[in-house]
Novice: 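First, the structure itself, so that you have it in front of you.
Small disclaimer: the values here were computed from a predicted structure and weren't measured.
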Amino acid sequence: MKKTSVSFRLGLVFGLVIFFTVAISYFYLGGQLRSLFYDDIKKQLYKELQLNRQLLESRPAQWDDITVSDRWADDVGAALELRVTLISMNGAVIGDSYIAPERLPSVENHMQRPEVQQALVGGYGENTRFSETVKEDMLYIAILLGSQKPFAVLRFAKPLSQIKRLETEIRRGVEGALFWSLFLSLIFGALTAVFLASPLRRIALAADKLVHGDYSSKLQVKRDDEIGQLARALNYISDEMKHMNQQEEWFKAVFSSIREAIIVTDSNGVVMLGNPAACRFFNLDCGQMIRAGGAGRKVTDARLLDLFERIKVSDSPIAKEEITVMTDRGERVLQVSAMPVIKDSVSQGTVFVLNDITRLRNLERVRRDFVSSVSHELRTPLTSITGYTETLLEGAIHDPENAKHFLQIIHQESEQLTALINDVLDLSKIESGRINYTFRPVNLSDLVEKTLNLFSRAIEKKGIALHLHIPEDLPYVNADSDYLELVVRNLVDNAIKYVPEENGQIWIKAFVADDMVRVDVKDNGIGIPQKDLGRIFERFYRVDKARSRAIGGTGLGLSIVKHIILAHKGKVEVRSRLNLGSLFSFTVPIVRDNHKTKSHT
């Protein structure tokens, strides 16, 4: 019965609220719509009057003929579907779209019409009344014509029958909309009452389960009907253990999701609790810690112990202090914040929050090294350019032989500086991922041939013997042709620079290796010492700095090669022996479907 009564009461409340809302809306909207509708018609008529007044700044000379002024009123009235009346300043009607021109002289003087009086006094007038002339209720709006000297009154009139007809149509639409809104709302209210009763019954059953010891439901409401059963269930949600277990699960979820390592120790420095990040960092057993209520391990690192003792003595927190500790993962730089746990003025332990900033500090070191290297590389050619420029300015410019030599050096250093800046910009774009690689099938043979054509003069000048071994049936590779050409160009350029002036030889070979194409660029140049092979692809790393700078090397070419090949999902490697030459190899994937092209950033 109570459940039925709740459904009935809900339905009754919904029905009454909807009924009174619709009724009030109908009467209110009816008046509002009528007012808005009339105001809109008046505004529209007024705008049309203003437009015509602007067109009639002065009295047209043709209006001396009443047929001309009446024809104007007829034309405007037909265009606007209104009654248009022109009234002279003495009240005589000189044009009316509803009256034939021959009847105008017999029309009653309009000087005493209310709207005309208002227009003569204030420039604008309106009135609603029964027209004795056309025998119909009309809405009149009139204004004065003539900005400098008024010469007539222009009046627009709209039959109220048209307005009422439109108002009736709108009201019918509103009534229909309100009727269907009422009907659908009542249906919705009834369905809502029914649907609300169903969950209430389920809530009551859940409350009964709570009464019998099933704590899977949590319901809290005090009422005498169905909701009253929820009120009785509230008394059984006093099981503090259930509440504590729930809080513990939330605590574990939050605690486990924190990226920083968190360690809680007792007053003796024994680790009592740690989140997964701390367990991984210090090789703690999180499972054992939860089961046994502690890890049983003391803080052993001297720096952490020092922090622990300082907090224990001062009872004050420590924020973001950097320390270096030795962990199972090696030496790490930690940013440590520590907070004492105080209860009844007695230290109960300490909470450590440790943020591993080793990678951040390494990145800062790399950045400093990069800035230092760039500064050094820029300083050398700039110093040379400055020195020779000062020498020229001090008088050497008048010595043609030395001046030309100095200018050649300045030009060479400028080219070196330009190459360095271009390589730095290219490497920056490649490392930041701002390059849009367009992968498509690339004919490696054509690409290598195009690259060798660029170096044909340098190869011929040094008398280098070039050995090219690329099979005609070599499959296409999936690559960005421009950047793959940059890789080949850098490797060939290095080979040309470092082969001897006599008997220099370069071998370029390409072949299939599994699902990749491997390209070897080999030379018989000066080679690379074993101790330098591991760093050869680092930025600004040169085996022989003086020789590299003398032949125009920037120290960035191989670093650019490495990043481009990695972006192509390939590998690059080097084998070399001092004074016996070097072999640079890289791989790029074979095209599986020559008709597919894709773009990758």
Novice: Apply side-chain contact (heavy atoms from CB on, under 4.5 Å) to V572 and V561, showing your working.
Specialist: CA-CA 8 Å; V572 60; V561 167; 4.1 Å; yes

Novice: Hey, what do you get for CG (N494) to OG (S582), rounding to the nearest 0.5 Å?
Specialist: 9.0 Å

Novice: If you define the side chain from C-beta out and look only at heavy atoms, does anything of L452 sit under 4.5 Å from L468?
Specialist: yes

Novice: Just verifying a value: how many Å separate R575 CZ and K522 NZ, rounded to the nearest 0.5 Å?
Specialist: 9.0 Å

Novice: Any side-chain to backbone donor/acceptor pair from S576 onto G581? Under 3.5 Å, distance only.
Specialist: yes

Novice: With no hydrogens and no angle check, is any side-chain donor or acceptor of K462 less than 3.5 Å from a backbone partner on R457?
Specialist: no

Novice: May I ask you to test the I564-L484 pair for a side-chain heavy-atom distance under 4.5 Å?
Specialist: no

Novice: CD1 of I459 to CD1 of I464: how many Å apart, nearest 0.5 Å?
Specialist: 6.0 Å

Novice: Look at the side chain of D480 and the backbone N and O of D482, then say whether any donor-acceptor pair between them is shorter than 3.5 Å.
Specialist: yes

Novice: Are I528 and L578 side-chain neighbours, meaning at least one heavy-atom pair lies under 4.5 Å?
Specialist: no

Novice: Evaluate side-chain contact (heavy atoms from CB on, under 4.5 Å) for H563 paired with V487, printing each intermediate quantity in order.
Specialist: CA-CA 10 Å; H563 284 88; V487 169; over 6 Å; no

Novice: With side-chain contact (heavy atoms from CB on, under 4.5 Å) as the test, would you mind laying out the steps for D520 and F511 before giving the verdict?
Specialist: CA-CA 9 Å; D520 291 344; F511 55 92; 3.6 Å; yes

Novice: When you check the gap from the basic side-chain N to the acidic O, do K450 and D446 get nearer than 4.0 Å?
Specialist: no

Novice: A side-chain contact here means heavy atoms from C-beta on lying under 4.5 Å apart; do I496 and F455 qualify?
Specialist: yes

Novice: Would you name the heavy atoms of V591 and P441 that are closest together and state the gap between them?
Specialist: CG2-CA, 3.7 Å

Novice: Does any part of the side chain of K562, heavy atoms only, come nearer than 4.5 Å to the side chain of L566, both counted from C-beta?
Specialist: yes

Novice: Is any side-chain heavy atom of N524 closer than 4.5 Å to a side-chain heavy atom of P500?
Specialist: yes

Novice: Set out, in order, the CA-CA distance, both residues' side-chain angles and the distance that settles side-chain contact (heavy atoms from CB on, under 4.5 Å) for L474 and L444, then state yes or no.
Specialist: CA-CA 8 Å; L474 187 71; L444 200 56; 4.0 Å; yes

Novice: To the closest 0.5 Å, what do you measure between OG (S456) and CG (L466)?
Specialist: 10.5 Å

Novice: Report yes if some heavy atom in the side chain of V512 is under 4.5 Å from a heavy atom in the side chain of P475; otherwise report no.
Specialist: yes

Novice: What's the spacing between E573 CD and I565 CD1 if we round to 0.5 Å?
Specialist: 11.5 Å

Novice: Do the non-hydrogen side-chain atoms of F584 and V519 ever get within less than 4.5 Å of each other?
Specialist: no

Novice: Which distance, rounded to the nearest 0.5 Å, do you find between the CZ of R489 and the CG of L447?
Specialist: 9.5 Å

Novice: Using a distance-only test with no angle check, is there a side-chain donor-acceptor pair under 3.5 angstrom linking R518 and S585?
Specialist: yes

Novice: Is the centre of the H568 ring less than 6.0 Å from the centre of the F586 ring?
Specialist: no

Novice: Can you name the closest pair of heavy atoms from D356 and V333 and give their distance?
Specialist: OD1-O, 3.3 Å

Novice: What's the shortest heavy-atom distance between A567 and F439, and which atoms?
Specialist: O-CZ, 3.7 Å

Novice: List the atom pairs, with distances to 0.1 Å, where a side-chain N or O of residues 502-509 and a protein N or O form a donor-acceptor pair under 3.5 Å, not counting sequence neighbours.
Specialist:
| residue | atom | partner | partner atom | Å |
| --- | --- | --- | --- | --- |
| Q505 | OE1 | H467 | NE2 | 2.8 |

